[in-house]
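Each chain gets a letter, A, B and so on, in the order its sequence line appears, and its residues count up from 1.
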Amino acid sequence: MARALLNVPAKAKRGEVIAIKTLISHEMETGFRHSTTGVPVPRNIITSFVVNYNKEEIFRAVLFPAIAANPFITFYTVATESGTIAFEWTGDNGFSATESATITVE
Amino acid sequence: MKLAMTMPEFVRSGVLFTVLCIMMTHSAVAEIPLAERRSGYDLLSRETRAMQDDDTANPGMLWVLDGETLWRAKDGTAEKACAECHGDARESMRGVAARYPAFDPARGRPVTLEQRINICRSERQKAPPFAYESKDLLSLTAYVARQSRGMPIESAADERLKSFVDAGRALFTRRQGQLNLTCAQCHDDNWNQKLAGNSLTQAHPTGYPLYRLEWQTVGSLQRRVRNCLIGMRAEPYAYGSPEYVALETYLMWRARGLPVETPAVRP
């Protein structure tokens, strides 16, 4: 069960630059560590983060083992029209999480 | 090249040595006066403070949300959820964390919030207790403690806790470990100094369980104290031991009046 927290403004003016903040719970195990008995701990990270604004891709990030646990990703975009912003995280071991937020542009 | 790579280590040990020298030569200063006490929050960088203040950027809130789910989930052979007895946590748990560790008359000793949750689990829910530092126990504790955010700490106001506060103070001011240090040498006498680049802080447990960036997870006060004990090269106590509870009781008494920050973020 992955928890995600979103911070998307509910309302914005057309053409306004808005900040979008996302936080997801994930251990981001690097794959470089060993257990106390010397067995390598397999890599388990989020590898990709994609954001679609009304089905149009506006942001994409590729994640690597150096990224800390519970990745916090924030970016800016221009509020063009009312609609849905959909977030998707995918990763190792079939990890997948989706969230969405609605925005009203006036 | 090799010399350049070893420099930071060399500098760091130099800093540590200097700090230790200061501590050895300083005679013990008394407890910090009430008006001069500062939460570790005041010593944070601007970025870390912003992270703690924004509930959508504070990773501790992920645990709080998990705790809310656990609060409503039926568990144990009694098939009961916390919410069935206690109702809405936002009402019933308001101010509770500010009073813990609290004296338990049945046991004749103080119990921490984590211990209280586990007592409730085994006695009311008839469920196995959560392990110390398990995600479930930390989540539920963080959720309960979150309801006291902003309220002044008032635990240890109870007269019956006096002897436990004194026992905690004795541990706090006792020299221990291979470095032969006391907690008070850092946290009472040198709290405004740095140790290897980090603020020493006054050690007020205002925001536990808290998200520590170094841990990349939420941890309890006992885990944090364990961390300090290992740094002093002393033998850490077992989780839930009377020593930790006494220390926790003393630290909360020391922090009396400061607002609860749970879930706090610390470097």
Side-chain angles (χ1 to χ4, degrees), chain A residues 1-12 18-36 41 43-46 49 51 59 61 63-77 85-87 89 91-92 95-103, chain B residues 44-75 130-131 133-143 146 149 207 209-220 223 226 230 236 262-267:
Chain A
M1 179 181 61
R3 290 264 178 200
L5 287 166
L6 301 177
N7 188 347
V8 178
K11 279 185 183 173
I18 52 168
I20 294 177
K21 298 176 188 170
T22 68
L23 176 67
I24 187 162
S25 69
H26 197 286
E27 60 179 301
M28 297 294 283
E29 182 59 57
T30 61
F32 300 130
R33 299 197 306 160
H34 292 76
S35 72
T36 45
V41 181
R43 192 185 89 163
N44 179 20
I45 63 166
I46 294 173
F49 173 61
V51 184
F59 186 86
L63 286 82
F64 290 92
I67 299 195
N70 311 308
F72 176 64
I73 301 175
T74 174
F75 62 94
Y76 295 88
T77 190
I85 304 181
F87 303 84
W89 296 262
D92 294 336
F95 177 84
S96 176
T98 52
E99 285 285 338
S100 66
T102 53
I103 181 166
Chain B
L44 291 181
S45 69
R46 200 167 41 122
E47 293 77 9
T48 316
R49 258 188 245 178
M51 192 189 262
Q52 175 174 324
D53 291 342
D54 179 355
D55 273 352
T56 55
N58 182 339
M61 288 307 291
L62 298 167
W63 274 256
V64 171
L65 290 174
D66 281 342
E68 190 175 6
T69 309
L70 287 169
W71 180 263
R72 301 218 182 90
K74 288 182 190 295
D75 205 354
F130 291 131
E133 298 305 309
S134 63
K135 190 162 201 294
D136 285 347
L137 185 56
L138 289 169
S139 301
L140 203 48
T141 313
Y143 177 64
R146 166 70 179 83
R149 191 196 266 179
L210 57 72
Y211 191 90
R212 197 156 178 241
L213 300 176
E214 185 189 315
W215 292 337
Q216 300 191 24
T217 184
V218 164
S220 71
R223 178 172 177 189
R226 182 178 194 277
I230 291 171
T262 309
V265 179
R266 293 289 182 269

Which atoms form the tightest heavy-atom contact between M61(B) and L5(A), and what is the distance? CB-CD1, 3.8 Å
Under the side-chain hydrogen bond (donor to acceptor under 3.5 Å, both in side chains) test, which residues partner R46(B), sequence neighbours left out? none
Atom CZ of R223(B) with >12 non-hydrogen neighbours under 6.0 angstrom: yes
Please output the residues of residues 210-218 of chain B in contact with chain A, using a heavy-atom cutoff of under 4.5 Å, in numerical order. Y211(B), Q216(B)
Taking only residues two or more places apart in sequence or in another chain, which ones pass side chain to side chain contact (heavy atoms under 4.5 Å, CB included) with K21(A)? N7(A), F72(A), T74(A), D54(B)
Spacing of CG belonging to L23(A) relative to OG1 belonging to T56(B), to within rounding of 0.5 Å: 8.0 Å
Please enumerate all residues that pass side chain to side chain contact (heavy atoms under 4.5 Å, CB included) together with S139(B), with sequence neighbours excluded. W63(B), D66(B), L70(B), K135(B)
